[in-house]
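Quick notes on the structure that follows.
The chains referred to below are lettered A, B, ... by the order of the sequence lines, with proteins before strands, and numbering in each begins at 1. If you're wondering where the values come from, they're calculated on a predicted model, not measured in any experiment.
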Amino acid sequence: MLTRAFFDRDTLTVTRELLGQRLVRELDGVRIAGRIVEVEAYIGQGDAACHARSGRTKRNASMFGPPGHAYVYFIYGMHHCLNIVTELDGQAAAVLIRALEPVEGLGAMRAHRGDVSDRRLTTGPGCLCQALAIDRSLDGVDLCAPGAALFIEIAPRIPDSEVAVSPRIGIRGDTAALSAPWRMYLRGSEYVSHRSRRQAAAAAAASNARPSCKER
DNA sequence: GGATCGATCGGCT
DNA sequence: GCCGATCGATCCG
């Protein structure tokens, strides 16, 4: 599993390096896991889009804590979102996990999500928390602790050529922070959220072009 | 293919 | 009171 030192770095570095790693949830002895394909950075009280922008509160307290812990919040009356805390204890910064590619425990994911397509199991921050049964009870848990119910496993690195960036989803505004390209995702992954139909078609074409799928 | 809207509730102005 | 780091359905062009 990834250790504290991984998360105890500059937030944009951690954001970039989290792409491709495997998020693992252990629930009732079952492993539910996915490859991280979309993330966003939220960096400190100077970031007008960060929950910590107005200081420490009961809700965002874990974002101010030490790196390598979870920050889970409840939003819109029905969804949870998972962040991984970065930077020093006392500094509020975290990486929002926005989408996974399902890898293990598809059955458990579907049991949590209902009868949806594989693509919709873990695409979007609210969806992946539902699939992995992540809620406020996991807020503040240490992802680096032995036996943690939630942690991250090392997986092959994503090359720079496959990483794309964009402004963060759901963040509006003209200031430098609000329009900063702090969303990073795996280019061409069908599990990335907020794709246009054109992007979806490109991803499908890339998938069909894989040697293992080629006919004749 | 994009815009809009309702659901639903905890947290904070 | 108001609004949100969302999701999914629906409507329109």
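Contacts of T123(A) classified as side-chain contact (heavy atoms from CB on, under 4.5 Å), with partners at least two apart in sequence or in another chain: R119(A), Y191(A), S193(A). In this structure D8(A) satisfies the side chain to side chain donor-acceptor pair (under 3.5 Å) test with no other residue, sequence neighbours excluded. Taking the salt bridge (charged side-chain N to carboxylate O under 4.0 Å, His left out) definition, one finds that R4(A) meets it with D142(A), sequence neighbours left out. Looking at residues two or more places apart in sequence or on another chain, you find no side chain to side chain donor-acceptor pair (under 3.5 Å) involving R9(A).
Contact check on R195(A) versus E190(A) returns no salt bridge, with no Lys/Arg side-chain nitrogen under 4.0 Å from an Asp/Glu carboxylate oxygen.
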Verdict with reasoning, Y185(A) to V39(A), per side chain to side chain contact (heavy atoms under 4.5 Å, CB included): CA-CA 6 Å; Y185(A) 57 97; V39(A) 287; over 6 Å; no
Please determine whether side chain to side chain contact (heavy atoms under 4.5 Å, CB included) holds for the pair D139(A) and S62(A), giving the CA-CA distance in whole Å, both sets of side-chain angles, and the decisive distance to 0.1 Å. CA-CA 7 Å; D139(A) 181 51; S62(A) 49; 2.8 Å; yes
Would you check, one step at a time, whether the test side chain to side chain contact (heavy atoms under 4.5 Å, CB included) holds for T122(A) with M109(A)? CA-CA 8 Å; T122(A) 53; M109(A) 289 183 185; 3.7 Å; yes
Decide yes or no on salt bridge (Lys or Arg N to Asp or Glu O under 4.0 Å) for E40(A) and R98(A), but give the supporting numbers first. CA-CA 7 Å; E40(A) 284 177 358; R98(A) 286 196 55 91; 3.8 Å; yes
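Taking all atoms of both residues into account, the shortest heavy-atom contact from L186(A) to R35(A) is CD2-NH2, 3.5 Å.
The residue S193(A) sits apart from the nucleic acid: no heavy atom pair falls under 4.0 Å. Backbone-only engagement by I171(A) is indicated by non-hydrogen atom pairs under 4.0 Å involving sugar-phosphate atoms exclusively.
Within the 3.5 Å criterion, the main-chain N or O of L121(A) finds no donor-acceptor partner in the side chain of R110(A). Of the possible polar contacts, none joining the R157(A) side chain to the G20(A) backbone as a donor-acceptor pair under 3.5 Å is found.
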Only distances under 3.5 Å count here; give the side-chain donor-acceptor pairs of residues 70-84 of chain A to other protein atoms, sequence neighbours excluded, each with its distance to 0.1 Å.
| residue | atom | partner | partner atom | Å |
| --- | --- | --- | --- | --- |
| Y71(A) | OH | H51(A) | ND1 | 2.8 |
| N83(A) | ND2 | Y71(A) | O | 3.3 |

Please tabulate, for side-chain N and O atoms in residues 160-167 of chain A, each donor-acceptor pair with protein atoms closer than 3.5 Å (sequence neighbours left out).
| residue | atom | partner | partner atom | Å |
| --- | --- | --- | --- | --- |
| D160(A) | OD1 | R16(A) | NE | 3.3 |
| D160(A) | OD1 | R16(A) | NH2 | 2.7 |
| S166(A) | OG | R183(A) | NH1 | 3.1 |

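A 4.0 Å heavy-atom criterion places the boundary nucleotides of DNA chain C facing chain A at dG4(C) to dG8(C), written 5' to 3'.
F151(A) belongs to a hydrophobic cluster with M1(A), V24(A), counting contacts under 4.5 Å between side-chain heavy atoms of Ile, Leu, Val, Met, Phe, Trp and Tyr, direct or through other members.
Taking every heavy atom of residues 55-85 of chain A and every atom of DNA chain B, pairs under 4.0 Å involve T57(A), R59(A), F74(A), Y76(A), G77(A), M78(A), by number. Of the residues in residues 7-15 of chain A, not one places a heavy atom less than 4.0 Å from an atom of DNA chain C. The stretch residues 98-135 of chain A has no heavy atom under 4.0 angstrom from DNA chain B at all.
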Could you write out DNA chain C as dot-bracket? Rules: Watson-Crick or G-U wobble, both distances under 3.5 Å, brackets [ ] for crossings, | for pairs with another strand, dot for unpaired. ||||.|||||||.
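Distance R136(A) CZ to dC9(B) P: 16 Å, rounded to the nearest Å.
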